[in-house]
Amino acid sequence: DVKVTQSSRYLVKRTGEKVFLECVQDMDHENMFWYRQDPGLGLRLIYFSYDVKMKEKGDIPEGYSVSREKKERFSLILESASTNQTSMYLCASSLRGRRGTGELFFGEGSRLTVL
Amino acid sequence: AQKITQTQPGMFVQEKEAVTLDCTYDTSDQSYGLFWYKQPSSGEMIFLIYQGSYDEQNATEGRYSLNFQKARKSANLVISASQLGDSAMYFCAMRGLNTGNQFYFGTGTSLTVIP
């Protein structure tokens, strides 16, 4: 069964802390994504990566960075967490290009609370 | 510019009845894919159905069908014979096949099925 695994379902951090959210997929997908989900705003793209060591900014990259050292792993980093980064974070992966439908496969989400 | 619009923040439907969730989109791509995802209260995003822009027939997957009207740029999801387990958030999404691998999501519709 294909799978996207996020390291933590629930995290509580303090303002100013460095936060790492890890995501691993076992489907050999080229593309990986980090989204943030807030009520009434839907899913907003933070960063995505279409290959190892490649990254592209999404719609809301400020305050975040990412790392993709291996194809299966895509990490989201909050260098100095702030309360307005309290949210649900969703990792997803997909095949590159036009193969198949190219749908996104999502992890279970990481709910981050910054105090 | 790519944009997805879901104008129904919340919907109610009687069990066993059909319901239509609206989705309109805007894109400059000639070739694109449209997706619907379901998000139950547990948080995971479940892929439901896909429609390619050049597909001549509306997509169907079990009780889900996609009412695709290309000229009107709409891709409404129809759920037939609603069940209590259909209560969830539903997101419409689009991927422009010529503009890279980004997905664009709507703000979602919360569906409640009433016994």
Side-chain angles (χ1 to χ4, degrees), chain A residues 1-6 8-10 23 27 29-51 54-61 68 74 87-112, chain B residues 1-10 21 23 25 29-55 59-61 64 66 68 75 88-110:
Chain A
D1 196 17
V2 295
K3 205 160 185 179
V4 179
T5 303
Q6 293 183 229
S8 304
R9 289 296 303 274
Y10 301 94
C23 176
M27 296 167 280
H29 284 170
E30 296 89 354
N31 303 326
M32 296 190 74
F33 305 80
W34 275 105
Y35 288 91
R36 171 176 171 161
Q37 184 181 7
D38 299 289
L41 298 178
L43 277 70
R44 293 180 291 168
L45 182 64
I46 304 171
Y47 269 97
F48 68 100
S49 168
Y50 52 86
D51 205 345
M54 305 299 287
K55 60 185 179 183
E56 295 283 344
K57 291 181 180 179
D59 299 317
I60 52 165
R68 192 159 181 208
F74 192 37
S87 187
M88 169 72 91
Y89 291 88
L90 292 167
C91 176
S93 69
S94 72
L95 287 169
R96 183 190 295 169
R98 301 179 184 227
R99 287 172 287 163
T101 63
E103 77 264 29
L104 289 173
F105 292 83
F106 283 88
E108 292 181 312
S110 298
R111 188 168 292 282
L112 172 66
Chain B
Q2 321 276 20
K3 188 177 180 181
I4 294 283
T5 302
Q6 295 180 255
T7 57
Q8 306 154 312
L21 306 184
C23 173
Y25 61 91
D29 273 12
Q30 296 300 310
S31 181
Y32 50 89
L34 296 156
F35 303 79
W36 277 92
Y37 283 85
K38 172 184 178 182
Q39 187 181 42
S41 56
S42 54
E44 77 269 29
M45 295 283 280
I46 302 166
F47 167 66
L48 294 179
I49 195 166
Y50 167 83
Q51 179 84 43
S53 58
Y54 287 107
D55 294 341
T60 60
E61 289 288 346
Y64 304 109
L66 202 152
F68 180 47
M89 283 290 290
Y90 289 82
F91 291 95
C92 180
M94 177 180 66
R95 173 179 173 236
L97 298 179
N98 294 326
T99 54
N101 297 290
Q102 284 200 50
F103 282 72
Y104 296 87
F105 283 83
T107 52
T109 296
S110 176

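We name chains A, B, ... by the order of the sequence lines, and we start the count at 1 in each one.
Contacts of A:Arg44 with chain B are absent, with no heavy-atom separation under 4.5 Å from either backbone or side chain. For a residue to count as touching a neighbouring chain, one of its non-hydrogen atoms must lie under 4.5 Å from one of that chain's; by this rule A:Leu45 touches chain B with the side chain only. B:Ser42 touches chain A through its backbone: at least one of N, CA, C or O sits under 4.5 Å from a heavy atom, while the side chain does not.
Residues B:Phe103 and A:Phe48 keep their aromatic ring centres 6.0 Å or farther apart.
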Inset, instruction - List the steps and the verdict of side chain to side chain contact (heavy atoms under 4.5 Å, CB included) for A:Leu104 and B:Phe105. - result: CA-CA 12 Å; A:Leu104 289 173; B:Phe105 283 83; 3.8 Å; yes
Inset, instruction - Report the C-alpha separation of A:Leu90 and B:Gln39 in whole Å, then their side-chain angles, then the decisive distance to 0.1 Å, and conclude whether the side chain to side chain contact (heavy atoms under 4.5 Å, CB included) test is met. - result: CA-CA 12 Å; A:Leu90 292 167; B:Gln39 187 181 42; 4.3 Å; yes
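Legend: residues meeting side chain to side chain contact (heavy atoms under 4.5 Å, CB included) with B:Ser41, ordered by chain and number and at least two apart, are absent. For B:Tyr37, the side chain to side chain donor-acceptor pair (under 3.5 Å) criterion is met by no residue, not counting sequence neighbours.
At least one side-chain heavy atom of A:Gln37 sits under 4.5 Å from a side-chain heavy atom of B:Phe91.
A distance of 12.0 Å separates CZ in B:Phe47 from OG in A:Ser94, rounded to the nearest 0.5 Å. Note that OH of A:Tyr35 and CE of B:Met45 are 9.0 Å apart. Values are rounded to the nearest 0.5 Å.
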